[in-house]
Amino acid sequence: MKKFFTVLGGMGSLATESYVHLLNERTPTEKDQDYLDYILVNHSTVPDRTAHILDHSKPSFLPPLVEDIKQQSLLKPEFMVLICNTAHYYYKELQAATDIPLIHMPHMAISVMKKKYPKAKRIGLIATKGTIADHIYENEIKDAGFEYSLGDQAVQDQVESLIYDDIKIKGKVDANKYYDILQTMHDKFDCDVIVLGCTELSLAQEKAPDHPYNVIDGQGIIVDKSIEFAEKIRRGEKIDFTKIY
């Protein structure tokens with residue numbers, strides 16, 4: 001197979017399944033051959049990203065992801081996408097392991113947000129404790145020139161419950177809990193836009209999209225960009241991946 005891309009997933013598997021579902025659903029097709037060519041690596045046994053970020057004595061997720069990247073690089077994909085926001089903690093190390101472009105999902109998400117909501121004043125960020133602790137999205141939001149809010153401990157507890165108790169453990173999205181989180185970030189913390197800094201939250205958005213709040217869904221954005229890049233490559237167009245953000 002030529003002119004394909006690689007999806008580094010499994011963190012978690014339901015979020016990766018959501019990415020693939022949206023990828024296939026949003027790709028313009030009339031026949032089987034119109035769908036995109038890609039390899040999915042569903043590496044579900046990668047150690048927990050948040051646990052390692054909060055306590056470096058816990059198993060690191062870097063070595064298995066570097067191994068995945070090196071294995072996939074031998075197949076020469078055109079680009080790779082990493083379907084886990086928190087795993088971008090080691091983005092520089094992961095990109096250094098290959099010459100293949102690795103799309104930076106948080107950077108892409110905030111780049112799109114800046115263009116879509118240029119007049120927004122305060123951005124809300126909801127994510128795992130690991131993503132909050134590593135400041136990936138926080139720094140991207142600040143660099144884009146926006147004020148931001150992380151909510152409070154009550155919001156963080158709800159977010160963690162939605163991600164772990166409901167989605168990771170039960171395999172279900174609690175729509176009411178998701179809506180309550182968005183409403184609190186909007187009403188209590190005056191957030192014009194709310195960034196979903198975890199792919200499980202992206203799954204919640206996919207399953208429960210009927211709300212009035214402005215959200216930036218990193219996974220949904222990387223789906224659209226995956227389609228855009230893959231279709232350009234299929235047409236034989238050159239992409240300067242240093243200028244995609």
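A donor-acceptor pair is defined here as one N or O able to donate and one able to accept, closer than 3.5 Å; no such pair exists between the side chain of Arg49 and the backbone of Thr131. Listed for the Thr29 side chain is no donor-acceptor partner under 3.5 Å among the backbone atoms of Lys31. Side-chain atoms of His43 do not come within 3.5 Å of backbone N or O of Val41 as any donor-acceptor pair. With Gln156 contributing its side chain and Ala127 its backbone, the two residues share a donor-acceptor pair below 3.5 Å. No donor-acceptor pair closer than 3.5 Å links the side chain of Tyr178 to the backbone N or O of Val159. Side-chain N or O atoms of Glu206 include none that pairs as donor or acceptor with a backbone N or O of His21 at under 3.5 Å. Between the side chain of Asp34 and the main chain of Glu30, a donor-acceptor pair closer than 3.5 Å is present. Between the side chain of Thr16 and the main chain of Gly10, a donor-acceptor pair closer than 3.5 Å is present.
Contact detail for Ile194 and Cys191: the closest heavy-atom pair is CG1-CB, 4.3 Å. Taking every heavy atom of both residues into account, Ser73 and Met80 meet most closely at OG-CE, 3.5 Å. Considering all non-hydrogen atoms of both residues, Tyr137 and Leu196 come closest at OH-O, 4.4 Å. Taking both residues in full, the closest heavy atoms of Lys3 and Asp37 are given as O-CB, 4.2 Å, listed atom of the first, atom of the second, then distance. When every heavy atom of Pro118 is checked against every heavy atom of Lys115, the shortest pair comes out as CD-O, 3.5 Å. Closest approach of Pro47 to Pro59, counting heavy atoms only: CB-O, 3.6 Å.
Atom CD1 in Ile163 sits 12.0 Å away from atom CD1 in Ile169 (nearest 0.5 Å). Interatomic distance, Ile110 CD1 to Asp143 CG, rounded to the nearest 0.5 Å: 10.5 Å. We find the OG-CD1 distance between Ser111 and Ile244 to be 9.0 Å, quoted to the nearest 0.5 Å. Note that NZ of Lys225 and CD1 of Ile103 are 10.0 Å apart. Values are rounded to the nearest 0.5 Å. In this structure, OG on Ser226 lies 11.0 Å from CD on Glu231, to the nearest 0.5 angstrom. The structure places CG of Leu203 at 8.0 Å from CD of Gln219, a figure rounded to the nearest 0.5 Å.
Hydrophobic cluster membership differs between Val215 and Ile83, with clusters built from Ile, Leu, Val, Met, Phe, Trp and Tyr side chains linked at under 4.5 angstrom. Cluster annotation: Ile132 and Phe189 are assigned to distinct hydrophobic clusters (Ile/Leu/Val/Met/Phe/Trp/Tyr, side-chain heavy-atom contacts under 4.5 Å, transitive). At a threshold of 4.5 Å between side-chain heavy atoms, the hydrophobic network of Ile, Leu, Val, Met, Phe, Trp and Tyr places Tyr35 and Ile233 in two separate groups. Hydrophobic clustering, with ILVMFWY side chains joined whenever heavy atoms are under 4.5 angstrom apart, groups Ile216 together with Phe146. Side-chain heavy atoms closer than 4.5 Å link hydrophobic residues (I, L, V, M, F, W, Y) into clusters, and following such links, possibly through other members, connects Val195 to Ile222.
Checking Gln205, His186, Gln183 one by one against His211, the side chain to side chain donor-acceptor pair (under 3.5 Å) holds for a single residue, Gln205. Shown are Asp48, Thr86, Asn85; of these, the side chain to side chain donor-acceptor pair (under 3.5 Å) with Thr128 is made only by Thr86.
Here the side chains of Ile227 and Leu36 are in contact, with some heavy-atom distance below 4.5 Å. Using a 4.5 Å cut-off on side-chain heavy atoms (C-beta onward), Leu82 and Met11 make contact. Side-chain contact between His88 and Glu140: absent, with no pair of heavy atoms (C-beta onward) separated by less than 4.5 Å. Annotation: side chain of Tyr213 is not in contact with side chain of Val193 (no heavy-atom distance under 4.5 Å). Taking 4.5 Å as the limit, every side-chain heavy atom of Leu125 sits out of range of all side-chain heavy atoms of Tyr148. Side-chain atoms of Lys168 and Leu14, non-hydrogen and from C-beta on, never get closer than 4.5 Å to each other. The side-chain heavy atoms of Leu162 and Ile126, taken from C-beta on, include no pair separated by under 4.5 Å. Proximity of Leu40 to Val20: side-chain heavy atoms (C-beta onward) are separated by under 4.5 Å at one or more points.
Taking a 6.0 Å sphere around CG of Asp99, one finds it holds 12 or fewer heavy atoms contributed by other residues, nucleotides or ligands.
Using modelled atom types, one finds a donor on one side chain and an acceptor on the other under 3.5 Å when comparing Asp240 with Thr242. Asp157 and Gln153 form a side-chain donor-acceptor contact under 3.5 Å, judged by distance and modelled atom types alone.
Salt-bridge formation is not detected for the pair Lys177/Asp180: no Lys NZ or Arg NE/NH1/NH2 atom is positioned less than 4.0 Å from an Asp or Glu carboxylate oxygen. Taking a cutoff of 4.0 Å between a charged side-chain nitrogen and a carboxylate oxygen, Asp192 and Lys119 do not qualify as a salt bridge. The pair Lys121-Glu147 fails the salt-bridge criterion, with no side-chain N (NZ, NE, NH1 or NH2) lying under 4.0 Å from an Asp/Glu carboxylate O. Under 4.0 Å is where a charged nitrogen must lie from a carboxylate oxygen, and between Lys70 and Glu67 no such pair does.
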Take Thr6 and Glu78 through the side-chain contact (heavy atoms from CB on, under 4.5 Å) test and state the conclusion after the steps.
-> CA-CA 8 Å; Thr6 290; Glu78 300 291 335; over 6 Å; no

Just do the ring-ring contact (aromatic ring centres under 6.0 Å, His included) check on Phe229 and Phe241 with the steps written out, would you?
-> CA-CA 9 Å; Phe229 299 151; Phe241 283 97; 5.5 Å; yes

From CA spacing to verdict: side-chain contact (heavy atoms from CB on, under 4.5 Å), Leu62, Leu94 | CA-CA 8 Å; Leu62 179 59; Leu94 295 173; 3.7 Å; yes

Please test Asp210 against Tyr179 for side-chain contact (heavy atoms from CB on, under 4.5 Å), starting from the C-alpha separation and ending with a verdict.
-> CA-CA 9 Å; Asp210 298 324; Tyr179 296 152; 4.1 Å; yes

Show the numbers, then the answer: is there a side-chain contact (heavy atoms from CB on, under 4.5 Å) between Leu65 and Glu93?
-> CA-CA 10 Å; Leu65 288 181; Glu93 292 84 352; over 6 Å; no

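Ring pair His52/Tyr90 is tilted by interplanar angle, where 30° to 60° counts as tilted. Note: Phe5 and Phe79 have parallel aromatic rings, judged against thresholds of 30 and 60 degrees for the angle between ring planes.
Residues Tyr91 and His107 place their aromatic rings such that the two centres sit no closer than 6.0 Å.
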